[in-house]
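First the structure, in the form of structure tokens, and then the observations on it.
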There are 2 protein chains.
Amino acid sequence: MNEKNPGVQADQETVTSIRGSNQSGMRAHNERLVLSILRRLGPMAKADIARMTGLSAQTVSVIMRALETDGLLAKGEPVRGRVGQPSVPMHLDPAGAFFFGLKIGRRSLDMVLTNFLGEVQSRLHRIHAYPTPEATLEFALSGVDELTAQLSPRDRDRISGLGIAIPFQLWDWAKSIGVPEDAMASWRHVDIQADLAARLTFPVYLQNDASAACGAELVFGTSQKPQDFIYFYIGYFIGGGIVLNGSLFSGKSGNAGAIGSMPIASGGEVHQLIDIASLSVLERRLRTAGHSADSLWPSPETWQVDDGILDDWIDLTAAGIASAVLSATTLIDFEAALIDGWIPETVRRAIVARTRHHLGQHNLAGISPPQISEGTAGPDARALGAASLPLSMRFLVDQNAIMKLA
Amino acid sequence: MNEKNPGVQADQETVTSIRGSNQSGMRAHNERLVLSILRRLGPMAKADIARMTGLSAQTVSVIMRALETDGLLAKGEPVRGRVGQPSVPMHLDPAGAFFFGLKIGRRSLDMVLTNFLGEVQSRLHRIHAYPTPEATLEFALSGVDELTAQLSPRDRDRISGLGIAIPFQLWDWAKSIGVPEDAMASWRHVDIQADLAARLTFPVYLQNDASAACGAELVFGTSQKPQDFIYFYIGYFIGGGIVLNGSLFSGKSGNAGAIGSMPIASGGEVHQLIDIASLSVLERRLRTAGHSADSLWPSPETWQVDDGILDDWIDLTAAGIASAVLSATTLIDFEAALIDGWIPETVRRAIVARTRHHLGQHNLAGISPPQISEGTAGPDARALGAASLPLSMRFLVDQNAIMKLA
DNA sequence: ATTAAATAAATCACTCTTATTTATTATTGA
DNA sequence: TCAATAATAAATAAGAGTGATTTATTTAAT
């Protein structure tokens, strides 16, 4: 990875030119459209898709039969009871494709293998003192081999890519996490995406970890999501992502939605959100109070944390997020804000409730505040989101990839 | 206009369904692509467009000859001096199409007629104490007749639409501008877009006035613009617009970029940007100091304003905008922020300079601050932007209109 | 002779229109 | 009550139409 911020790298062609569309592009678009609709709205008959897309019934018939032949779609039980020929709902075939997701974290490396629906088939987990490029590369390559071996030969050919979720500016961490500066500095000049791509037979994508988590919510999340929403993932540092027109928005540098730097007025002073609403804050407070913070990291469900300190942190975090939501909503009229993180479900619920409360305290003149809800992807959102990257790239329509000017 | 915020109304079909693409859509897209490229990058030969779009030379040849036949493109002088057949740069034909722009303002109604390049052909201006729907309708209809009559019969057929730039929630103004509440309340239930569309033979579009100004900058502006930028228009109230992926982003309610509500921490208190960086603030300060503020409105170039009060207001405004830019940039990594308004060029320059200064005072950790620049459309940006609406709708590719889910 | 732009003709890919088949429910009349 | 018939809707097949691509040719310059 070079000095630039992490982001899904588009090939040079796409960035410096504006693609015209041709027949194959048209067909590809329509196929992605069908898959996107089925993913979002659930099983539908061919006639339903035709009505929804405005395509002719015949065209949809051809496209969906082809997708079925490709193993991406499967027939459901015919629906009887209405006049006319019974409709056959088509759904995504879970075994239509498989994806690797690699999460590079402060405390561990995680790899998941998911099916076409984002269901985790198998996973690997390795704890470390701090991440290094060498160990990450080794973990990823051996992990791919190990997890691939668990698939049937038929399914192995259906692996469509690997996504990497990596924190923003890893090298700046050193001071915050008490690790030798030069250990982290090596990340600055490594292009882990290219290194992995060179050794693997399928495409490799890379994205900021919080944006990836947002992608998991968008692609695999179970809630009814609006076209535009903002997403917060509370990890060692808080991060986020934004969805516009139903697609993850990354911006030129891939740094869009890196809401950690948002200025938050708190008690007369202005702080950055990252210094208010991160697990690092909770860890520090626990340590300062003489408690151990070690239980935070293995799994959110096994936290053993002083209630008073936790409640204070929840309130502080919620207040910070509420401020961030407010600022964000004045710029873009998000309909929803989703909150998730490496936190127990009870804590997530409490943060959502407190955030709603704090939001109500602000001056909302001229603003229609978004619905605050819990994320549905959970603690694993980052790894799942990594796996969603190759899926999105290959099988879903992307609002933001149509016209890019130099 | 109904209770909903103003915004370019997409037809119901587009909003509730997801269109598939077909051959005519493909051709239309490619034609818009050619026009968009020529508008943005200037005259180019067919071969250049082919290389840039990835379309075959033959396809581009066919498309561009058709556009030339339609009168939208014209040949330039062949470029000799290089090996091979001389290339013939093609440019937009100024008389390719004409557009009406109607600006509904606090102090006046303005109508412009522009050509395909956004050059104003003729204009109308009517001062009022406050806007009413009836007077606006009458002004617009008689204005369309009057300005149409000035075109040649050939050009009359090339009028492609009318755009309306109207302030957000006009009816809330009453208290601020000292006008009877019920006079403004009538706006709440009027759909001026529909009323005009019913009486005109070409399409009518409507948008928030500041967003429209942003559109003028995007479509007609002369500066090199990045893919993503934020725009501020300082009118009686400040407003703005945001451009993502090279297209104006309006959001679901059409209220995106309504940056007036942004919370700004200033002197320990939190205010909304609209109460800090608007001409209404300057007007009030002038009045409070016993000066007349009447010179503000006829034309920015004839302002007669106390220097001390003006300088203070410039600094306050710049500080507010700097805070807003900072908040906005943490959410979306804008590459540029443009500032324009109903202000003299000297004031615009001063505000930009002060905004740069104030931005530098903030904590910029983790942020690459955008370039702050002056807008290039000037005081008339709102009316021009209104005229750019039908142009964009008919002749330019729109990033944000590809896939809309219910 | 070489290079590059521009275009013509033939081909190909994909969607659309029209017509047909299939499977079901609704209606009718003895 | 129940078969026969009508109506409805899904699905698909065949052929037409549109637009981009490929290949080859012309034109005009160095």
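Lettering follows sequence order; numbering is per chain, from 1.
Between B/Asp155 and B/Arg158, no side-chain nitrogen of the basic residue sits less than 4.0 Å from a carboxylate oxygen of the acidic one, so the salt-bridge criterion is not met.
To the nearest angstrom, P of D/dA10 lies 13 Å from CD1 of A/Ile49. Rounded to whole Å, the distance from CE on A/Met90 to P on D/dA11 is 9 Å. A/Glu68 has its CD atom 15 Å from the C1' atom of D/dA10, to the nearest Å. Distance CD (A/Gln85) to P (C/dT25): 12 Å, rounded to an integer number of Å.
Contact annotation: B/Arg82 does not reach the phosphate of D/dA28 (side-chain N/O to OP1 or OP2, under 4.0 Å).
Side chains of A/Thr114 and A/Glu119: a donor-acceptor N/O pair is absent below 3.5 angstrom, by distance only. For the residue pair A/Ser24 and A/Asn22, a side-chain donor N or O sits within less than 3.5 Å of a side-chain acceptor on the partner.
Between the side chain of A/Asp228 and the backbone N or O of A/Asp333 there is no donor-acceptor pair closer than 3.5 Å.
Across the interface with DNA chain C, nearest-nucleotide mapping of B/Ser61 and A/Gly84 shows B/Ser61 to be the residue nearer the 5′ end.
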(request) Test B/Ser392 against B/Val219 for side-chain contact (heavy atoms from CB on, under 4.5 Å), laying out the working first. (result) CA-CA 8 Å; B/Ser392 300; B/Val219 176; 3.6 Å; yes

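Taking only side-chain atoms of B/Val83, from C-beta outward, the nucleotide of C/dA6, C/dT25, D/dT30 with the closest atom is D/dT30.
Under the salt bridge (charged side-chain N to carboxylate O under 4.0 Å, His left out) criterion, the residue pairs touching residues 53-77 of chain B are B/Glu68-B/Lys75, with sequence neighbours excluded.
Using a 4.0 Å heavy-atom criterion, one finds that A/Gly81 contacts the sugar-phosphate atoms exclusively.
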(message) Strictly under 4.0 angstrom, non-hydrogen atoms only: write out the protein contact profile of nucleotides 8-16 of chain C, one letter per nucleotide from the 5' end, B, S or -.
(response) BB---BBSB

